[in-house]
Amino acid sequence: MAWHEAPGAQELGEEEAMGITIEGRQIALCQSAGAYYAVQGICTHQHALLADGYVEDGAIECPLHQGRFDLKTGAALCAPVTEPLRVYPVRAEDGKVFVQIQD
C-alpha cells in the first residue's frame with residue numbers, strides 16, 4: 001500500500017468534492033465537517049461522476065439521481081443506490097492531503 005499526495009486538495013472547501021485521479025483510479029476527494037474523505041469517484045448506480053455531486057452532513061449525493069453515500073463507510077444511504085462505494089484511507093499532514101491506494 002502506498003500513500004499518494006492528492007493534487008489540488010488545498011483548494012478544496014468545506015462541504016465540497018473534487019475529482020482526482022491516482023494510479024489510474026477516479027476518486028472523489030471530499031471535505032466535510034473539517035475532515036477529508038476519499039471515495040470511489042464513479043457512482044455504483046449509473047456511473048455518474050460523484051465529484052459533480054453535493055457533499056453535506058458526512059455524505060456525498062450523486063448528481064444524476066440523488067442517491068447518497070456515507071463518506072466514512074461508503075454505504076449506500078438511500079434509493080436508488082444500493083451498492084456501497086470503495087473508501088480510501090486519507091491523512092493530512094504539513095498542509096498536504098494523502099490518499100492510500102492498495103497496490
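Since the structure is predicted, the reported quantities are computational estimates derived from the model, not experimental observations.
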Quick check on the hydrophobic clustering: are Ile20 and Phe98 connected, directly or via other members, by side-chain heavy-atom contacts under 4.5 Å? no
Rounded distance [0.5 Å steps], CD in Gln102 versus CD in Glu23: 12.5 Å
Using a 4.5 Å cut-off between side-chain heavy atoms of Ile, Leu, Val, Met, Phe, Trp and Tyr, which other residues end up in the same hydrophobic cluster as Val87? Tyr37, Val39, Leu50, Val55, Ile60, Phe69, Leu71, Val81, Leu85
In terms of heavy-atom contacts, Cys78 and Gln66 come closest through SG-O, 3.9 Å
Could you state the interatomic distance from NE2 (His65) to CD (Gln46), rounded to the nearest 0.5 Å? 5.5 Å
Among Arg86, His4, Gln40, find the residue that satisfies the side chain to side chain contact (heavy atoms under 4.5 Å, CB included) test when tested with Arg25. Arg86
Gap separating the CG atom of Leu29 from the CD atom of Glu16, nearest 0.5 angstrom: 11.0 Å
Is the side chain of Asp94 donor-acceptor paired with the backbone N or O of Lys96 at a distance under 3.5 Å, no angle test? no
Honestly curious: do Leu64 and Ile42 fall in one hydrophobic cluster under the side-chain, below-4.5 Å linking rule? no
Counting N and O atoms only, with roles assigned by atom type, does the side chain of Glu14 sit under 3.5 Å from a partner on the main chain of Ala33, one being a donor and the other an acceptor? yes
Determine the minimum heavy-atom distance between Gln10 and Glu5, stating which atoms define it. NE2-OE2, 4.0 Å
Whether the side chain of Thr44 engages the backbone of Glu83 through a donor-acceptor N/O pair (distance < 3.5 Å, no angle test) should be reported. yes
Checking Thr21 against Gln26: is there a side-chain donor and acceptor pair closer than 3.5 Å? no
Any donor-acceptor N/O pair, Gln31 side chain to Leu12 backbone, under 3.5 Å: yes
Please determine whether side chain to side chain contact (heavy atoms under 4.5 Å, CB included) holds for the pair Tyr88 and Gln100, giving the CA-CA distance in whole Å, both sets of side-chain angles, and the decisive distance to 0.1 Å. CA-CA 6 Å; Tyr88 299 94; Gln100 187 179 50; 6.0 Å; no
For the CG atom of Leu77 and the CG atom of Asp70, what is their distance to the nearest 0.5 Å? 5.5 Å
May I ask you to check whether over 12 heavy atoms, not counting those of Tyr36, lie within 6.0 Å of atom OH? yes
In this structure, NE2 of His47 is separated from SG of Cys43 (nearest 0.5 Å) by 8.5 Å
Smallest heavy-atom separation, Cys62 atom then Ala48 atom, equals SG-CB, 3.6 Å
Can you tell me how far OG of Ser32 sits from CD of Glu15, rounded to the nearest 0.5 angstrom? 3.5 Å
Does Arg91, at its CZ atom, have more than 12 non-hydrogen atoms belonging to other residues, nucleotides or ligands within less than 6.0 Å? yes
